[in-house]
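So that the names make sense, note that chain A is the first sequence line, chain B the second, and so on, each numbered from 1.
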Amino acid sequence: MNKYRSHKCDQLTKNDVGKNVSLAGWVNKKRDHGNLLFIDLRDNYGITQCIIDKENANFKQLEKIQLETVVKIEGKVLDRSLDTINKEIKTGEIEVSIKSFAILGSCKELPMPIFSDQEYSEEIRLKYRFLDLRRKKIHENMILRSKVISFIRNEMGQLGFLEFQTPILTSSSPEGARDFLVPSRLNPGKFYALPQAPQQFKQLIMVSGFDKYFQIAPCFRDEDARADRSPGEFYQLDLEMSFVEQEDVFDVVEKLLVKTFERFSKNKLISKKFPRISYTDALLKYGTDKPDLRNPLVIKDITEIFKRDDVTFDIFKKLVKSGSNVRCIVTKNTKDKPRSFFDNIDKWAKDQGASGLAYFTIDKDKDIYAKGPVGKFFSKESLQEIMKETKANVGDSIFLACNKKIELERITSIARNKIAEDLDLIEHNVFAFCWIVDYPMFEKDEQTHKISFSHNPFSMPQGEINKLDFKNPLEILAYQYDIVCNGIELSSGAIRNHIPELMYKLFAVAGYDKKQVDDKFSGMINALSFGAPPHGGIAPGIDRIVMLLANEKNIREVTMFPMNQNAQDLMMNAPSGVEEDQLKELNLSLKLKK
RNA sequence: GGGGGUGUAGCUCAGUUGGUUAGAGCGAUCGCCUGUCACGCGAUAGGUCGAGGGUUCGAGUCCCUUCACUCCCGCCA
């Protein structure tokens with residue numbers, strides 16, 4: 001028998017009554033009755049109540065023991081009387097009468113309590129992460145993460161994918177995020193970069209003829225953090241397939257995600273076949289390319305209405321003439337909402353830096369009319385036209401925003417969320433997935449007017465290759481797609497461009513000449529010219545998947561040892577300074593600002 | 001780089017219009033308590049009110065600067 005324990009803390013039941021057992025774990029809680037002491041012993045698996053009274057020679061010592069001390073307890077399993085059974089825990093029908101104990105790991109005074117539902121500052125949680133991770137919720141989150149990852153590994157195997165590792169020390173690439181750089185000792189003055197994703201490697205794996213690849217891959221990007229974005233590093237389920245079209249990738253990923261989400265969450269999936277929404281449509285209907293489809297509200301463009309003579313809303317009419325658009329959100333049956341409901345939303349919009357949200361409610365006496373501050377500007381006929389366009393009925397309200405396209409998308413997107421929240425329209429406990437498709441290949445920087453890749457420079461443009469219109473690059477769409485779930489971007493992927501000549505042409509549009517492409521992507525370009533299969537893939541974010549499954553709003557709640565917002569590890573003290581000798585060996589010298 | 005929020009005991013927080021000696025719960029220490037499961041009861045210790053400067057007879061409270069944490073914008077092919 002193991003010298004520390006005969007059972008785990010979730011194992012003992014009525015069937016074990018009378019047995020002599022040994023348990024090992026942490027002192028979760030003590031309840032000291034003076035002559036009788038209860039100790040809740042906790043391990044990874046559960047909690048067992050242990051009991052000792054003053055007749056036992058160990059009593060005095062155990063009474064003084066610090067919480068979170070690691071102990072081994074030997075004793076006898078006792079039946080609990082009916083009125084003392086604890087239904088909250090698995091072992092609640094029994095308790096262990098302590099005969100002897102040994103301290104395996106002592107514990108200093110704790111900087112934060114373990115057994116508590118209280119919330120603590122991130123700072124203290126991250127500094128003492130090993131204590132924080134003992135707490136129930138986050139402990140369970142990490143177990144969930146482990147299970148999700150091994151489930152996915154297994155499923156990918158079943159689907160015929162091979163798992164390969166790719167280099168962590170690789171080369172820096174233009175485009176995309178800031179790289180983390182690693183100086184090379186053997187090559188003075190040169191640097192490796194940590195991969196932002198194994199993008200080029202997975203394509204090379206396809207060129208190598210492996211057909212289907214996957215990896216739970218670490219990705220490194222030196223960008224600022226967000227609640228759903230760890231600074232520095234995160235994990236992707238990176239996958240790539242040969243001889244596939246977009247729909248083949250969708251098929252595999254839908255199957256995998258549906259299975260995973262059904263397995264690990266009680267929440268329903270709104271649709272097992274994920275709706276496809278074009279990028280352009282998404283921006284129009286939701287104001288964003290990551291729409292939360294649990295929210296039933298849809299944005300509608302009604303600019304045309306403001307060109308009519310019987311609409312006299314002059315502020316909007318003027319803006320429309322100078323190139324602005326008007327978009328609206330219809331709320332069903334909000335006729336009787338108090339004035340404060342509408343004004344609050346208007347005020348909120350102003351706080352968001354917009355010029356506010358105009359609104360009116362459609363009502364009917366003899367005739368249809370608009371009620372509200374700007375209602376008087378709309379004729380009966382124009383209202384009927386609006387009702388037709390937006391499918392609004394009498395009793396519905398309409399919120400209006402007018403601005404240039406990009407700003408309009410921004411404000412209608414957040415207004416759509418805000419209004420839905422205020423009206424409690426967002427369905428909870430469901431997952432609403434969708435594909436966002438048909439991304440443009442290029443985009444134009446508003447300030448510099450420079451054309452750059454809007455997503456991935458390796459994506460295959462849509463349409464016949466020799467008929468592509470390079471004169472109007474902004475019109476070219478790509479076989480580029482994102483998965484969005486509940487408003488969170490889970491992943492993006494693409495059918496890749498495996499034709500070198502086409503690659504040169506596309507890079508030329510973004511301002512790279514042949515030599516630059518050869519320099520920066522030598523491995524890729526070279527490989528593509530030796531018989532590359534058509535291929536494509538995607539890379540769902542593991543952390544965000546687990547976040548959704550664990551119903552957490554912050555990615556640190558599903559990350560074992562996260563860094564803080566300033567990309568520091570408070571527990572390990574990273575990043576840290578290094579010895580002068582180390583710098584010298586790397587041919588580096590520091591030249592700090594200030 | 002920019003904007004918002006927070007910072008008071010080991011932890012979580014309260015602290016009124018600027019007014020005497022800055023409080024509570026948990027934790028710690030000591031004592032009482034044989035059926036608790038957030039056990040109960042009593043006592044004790046524990047404070048650079050994030051830091052620095054200013055206004056004032058008097059600052060946890062008002063002003064300025066600064067630091068830390070966090071949320072957001074930029075950024076994230």
Side-chain angles (χ1 to χ4, degrees), chain A residues 28-42 47-56 59 63-64 66-68 78 80-89 91-92 95 97 107-128 131-132 173-179 195-197 199-200 219-232 234 351-353 410 414 439 441-443 446-447 452-459 478 480 482 489 492-494 496 506-507 510 520-521 539 541 553-554 556 563-566 568 570:
Chain A
N28 192 56
K29 193 77 192 165
K30 285 186 300 180
R31 289 176 295 281
D32 188 355
H33 290 236
N35 294 315
L36 177 72
L37 172 68
F38 297 97
I39 289 179
D40 288 339
L41 194 68
R42 182 194 76 239
I47 284 180
T48 302
Q49 175 167 283
C50 304
I51 186 168
I52 187 168
D53 70 17
K54 66 170 177 191
E55 304 304 321
N56 189 304
F59 182 80
E63 207 181 15
K64 294 277 170 273
Q66 276 276 353
L67 295 183
E68 293 304 310
L78 300 181
R80 287 209 216 177
S81 70
L82 258 180
D83 54 325
T84 60
I85 284 175
N86 181 354
K87 287 180 183 146
E88 303 292 312
I89 55 174
T91 59
E95 61 197 5
S97 170
C107 181
K108 297 196 289 188
E109 188 177 342
L110 294 162
M112 59 184 277
I114 309 300
F115 178 68
S116 165
D117 292 330
Q118 249 168 25
E119 301 215 18
Y120 308 96
S121 72
E122 293 270 344
E123 204 174 351
I124 196 116
R125 290 183 61 194
L126 294 183
K127 184 164 180 196
Y128 297 95
L131 293 180
D132 189 40
S173 63
E175 300 282 326
R178 242 173 253 117
D179 284 317
Q196 296 180 22
Q199 181 62 39
Q200 294 190 59
C219 303
F220 305 90
R221 296 176 192 175
D222 188 4
E223 297 295 349
D224 289 354
R226 289 289 183 278
D228 63 351
R229 204 165 85 200
S230 291
F234 62 98
D351 289 342
Q352 301 304 309
R410 185 187 76 85
I414 56 177
Y439 276 83
M441 188 85 210
F442 298 100
E443 64 189 6
E446 288 297 311
Q447 260 116 53
S452 62
F453 291 102
S454 73
H455 250 70
N456 184 324
F458 304 119
S459 297
Q480 168 80 45
D482 275 16
E489 184 190 318
S492 54
R496 320 297 173 189
L506 293 167
F507 267 102
K520 290 294 182 184
F521 304 101
K553 289 200 165 51
N554 194 301
R556 291 185 295 273
M563 295 197 284
N564 71 7
Q565 195 164 45
N566 295 323
Q568 299 158 341
L570 298 176

Using a 4.0 Å heavy-atom cut-off, does [X] contact any base of the nucleic acid, only the sugar-phosphate backbone, or nothing at all?
X      : answer
A/E88  : nothing
A/R410 : nothing
A/I124 : sugar-phosphate
A/E95  : base
A/K108 : nothing
A/Q196 : nothing

In the strands shown, is B/A45 matched to any nucleotide by a Watson-Crick or G-U wobble pair with both distances under 3.5 Å, and which? none

Looking at [N], does its base get a donor-acceptor pair with the side chain of [X] below 3.5 Å?
X      : N     : value
A/R125 : B/C69 : no
A/R80  : B/U36 : yes
A/D224 : B/G74 : yes
A/R229 : B/C76 : yes

Between B/C13 and B/C73, how far apart are the P atoms? Round to whole Å, please. 25 Å

Starting from the 5' end of RNA chain B, give me the residue, A/N554 or A/I85, whose nearest nucleotide shows up first. A/I85

Phosphate contact ([N] OP1 or OP2) by [X] side-chain N/O below 4.0 Å:
X      : N     : value
A/Q565 : B/C71 : yes
A/R31  : B/C39 : yes
A/K29  : B/G27 : yes
A/R556 : B/C71 : yes
A/N566 : B/C69 : yes

How many whole angstroms separate atom CG of A/D32 from atom P of B/G27?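 Computing the A/D32:CG to B/G27:P distance gives 12 Å.
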
Closest to the A/Q49 side chain, choosing from B/C71, B/A28, B/C37: B/C37

